[in-house]
Amino acid sequence: MIETTMRRLAGPGTDLAEFSADAAAKRVLGVSPGMRVVLVGLEAGQEIPAHAPDTDLAVAILHGDARVLIGDDLHELRAGDVATVPAGDVRGMEAGPVGMVAMFASSPPPSETHFDSVRPDLEWPQRDEVGEAISMAVSAEHAHLRPAVEGLGELASEIVTMDEAERQVRLAEAIAFLRDDLLEHSVTEEEVLYPPAELVLRARGGAARALALGHDRIAQMVADLESAVERDDVAHLPCILYSLRAVVLLHLDQEERVYVPALAGATTAEATVMGAALGLTLSGGDRRV
């Protein structure tokens with residue numbers, strides 16, 4: 001007879017999960033005569049081999065992404081996705097490039113012979129390289145745009161000393177680049193790239209990670225400003241200041257429209273911790289704020 005160890009438990013699955021450098025790590029959350037619930041932690045590239053035990057299985061991906069084999073079908077799943085597998089069907093899993101945390105609920109609880117049904121004849125197909133090709137193409141497009149964007153700063157620092165004819169030509173060139181190249185690139189990204197990228201970001205750390213890069217850029221620009229002041233490089237001060245103003249305003253807009261609204265979904269405990277860090281005193285019951 002199976003001893004019941006199911007108990008009350010709540011918390012972030014990514015914090016409760018365990019990992020091992022050698023193989024999939026499993027933390028049993030609870031067992032009852034009818035079900036076993038475990039958290040599975042996989043490092044990048046680790047796998048649970050294909051097997052076909054006599055148990056029904058429900059899987060919820062909590063973090064990262066993985067390829068999941070169900071019967072004869074291979075599925076690309078990421079954080080927020082779920083899967084169910086009937087007893088006797090083949091199931092297996094291979095973690096993606098950032099690893100994976102998933103919750104498995106098996107009914108009835110697996111026996112000691114659970115992995116006797118491993119299917120060594122089933123090999124994981126090579127990963128599709130289309131995504132990598134898209135990443136490289138976008139990076140190449142950014143590399144193409146970057147020199148012209150950097151040139152806007154040079155234009156800002158030189159424009160006051162130009163004669164009117166040169167100023168009109170340079171400004172017309174800059175506006176043509178901004179409208180025909182940069183803004184067109186932005187529209188394409190929003191329509192084609194952002195929707196699938198949002199799903200991947202959610203699985204691999206969310207938008208906060210991307211916003212943190214803005215802090216890195218701002219810190220570098222402040223260092224550039226300090227360096228220019230120390231060198232008494234007056235000619236480049238307008239360029240740096242214009243650029244710093246634009247980047248900081250853009251970053252604040254991004255936080256206000258993406259990050260701040262998400263904070264409204266914080267629990268009271270989470271809001272209290274954040275409030276303390278900001279020097280605020282919050283009050284309220286056990287509710288979402």
Point to revise | Side-chain touch Met162/Val169, heavy atoms, less than 4.5 angstrom | key: no

Practice item. Kindly indicate whether the side chain of Pro97, heavy atoms from C-beta on, has any atom under 4.5 Å from the side chain of Asp65. Key: yes

Point to revise | Side-chain touch Ile240/Asp233, heavy atoms, less than 4.5 angstrom | key: no

Exercise for review: Say whether Val68 and Leu57 are linked into one hydrophobic cluster, either directly or through other cluster members, by side-chain heavy-atom distances under 4.5 angstrom.
Suggested key: yes

Review point. After noting the C-alpha distance and the side-chain angles of Glu18 and Leu39, does the key distance pass the side-chain contact (heavy atoms from CB on, under 4.5 Å) rule?
Key: CA-CA 8 Å; Glu18 298 174 352; Leu39 277 179; over 6 Å; no

Review point. Atom CG in Leu42, atom NZ in Lys26: separation rounded to 0.5 Å?
Key: 9.0 Å

Review point. Got Met93 and Arg67 here, is their nearest side-chain heavy-atom distance under 4.5 Å?
Key: no

Exercise for review: Without swapping roles, check the side chain of Arg27 against the backbone of Ala25 for a donor-acceptor pair under 3.5 Å.
Suggested key: no

Please output the side-chain donor-acceptor pairs of residues 147-160 that fall under 3.5 Å, not counting sequence neighbours, one pair per line with the distance.
unit_1 : atom_1 : unit_2 : atom_2 : d
Ser157 : OG     : Glu154 : O      : 2.8

Practice item. Please tell me if the side chains of Phe104 and Ile48 come closer than 4.5 Å, counting only heavy atoms from C-beta onward. Key: yes

Point to revise | Rounded distance (nearest 0.5 Å) linking atom CD1 of Ile218 with atom CG of Leu225 | key: 13.0 Å

Practice item. Find out whether Val138 and Glu189 are in side-chain contact, i.e. whether some heavy atom of one side chain is under 4.5 Å from a heavy atom of the other. Key: yes

Exercise for review: Answer with yes or no whether the side chains of Asp216 and Gln220 bring together a donor and an acceptor at under 3.5 Å.
Suggested key: no

Revision key, fill the gap. So CD of Gln46 and CD of Glu94: to nearest 0.5 Å the spacing works out to 10.5 Å

Practice item. Give a yes or no answer on whether the side chain of His51 reaches the backbone of Arg91 with a donor-acceptor pair at less than 3.5 Å. Key: yes

Practice item. Fit a plane to each ring of His142 and His185, take the angle between them on a 0 to 90° scale, and name the class: parallel (under 30°), tilted (30 to 60°) or perpendicular (over 60°). Key: perpendicular

Practice item. Evaluate the side-chain proximity of Leu145 to Leu182: yes if any heavy-atom separation is below 4.5 Å, no if none is. Key: yes

Review point. Is there a donor-acceptor pair closer than 3.5 Å between any side-chain N or O of Ser32 and the backbone N or O of Met35?
Key: yes

Review point. So do the side chains of Val229 and Leu237 get within less than 4.5 Å of each other, counting heavy atoms only?
Key: yes

Exercise for review: Say whether, by atom type as modelled, one donor and one acceptor occur between the side chain of Arg7 and the main chain of Leu29 under 3.5 angstrom.
Suggested key: yes

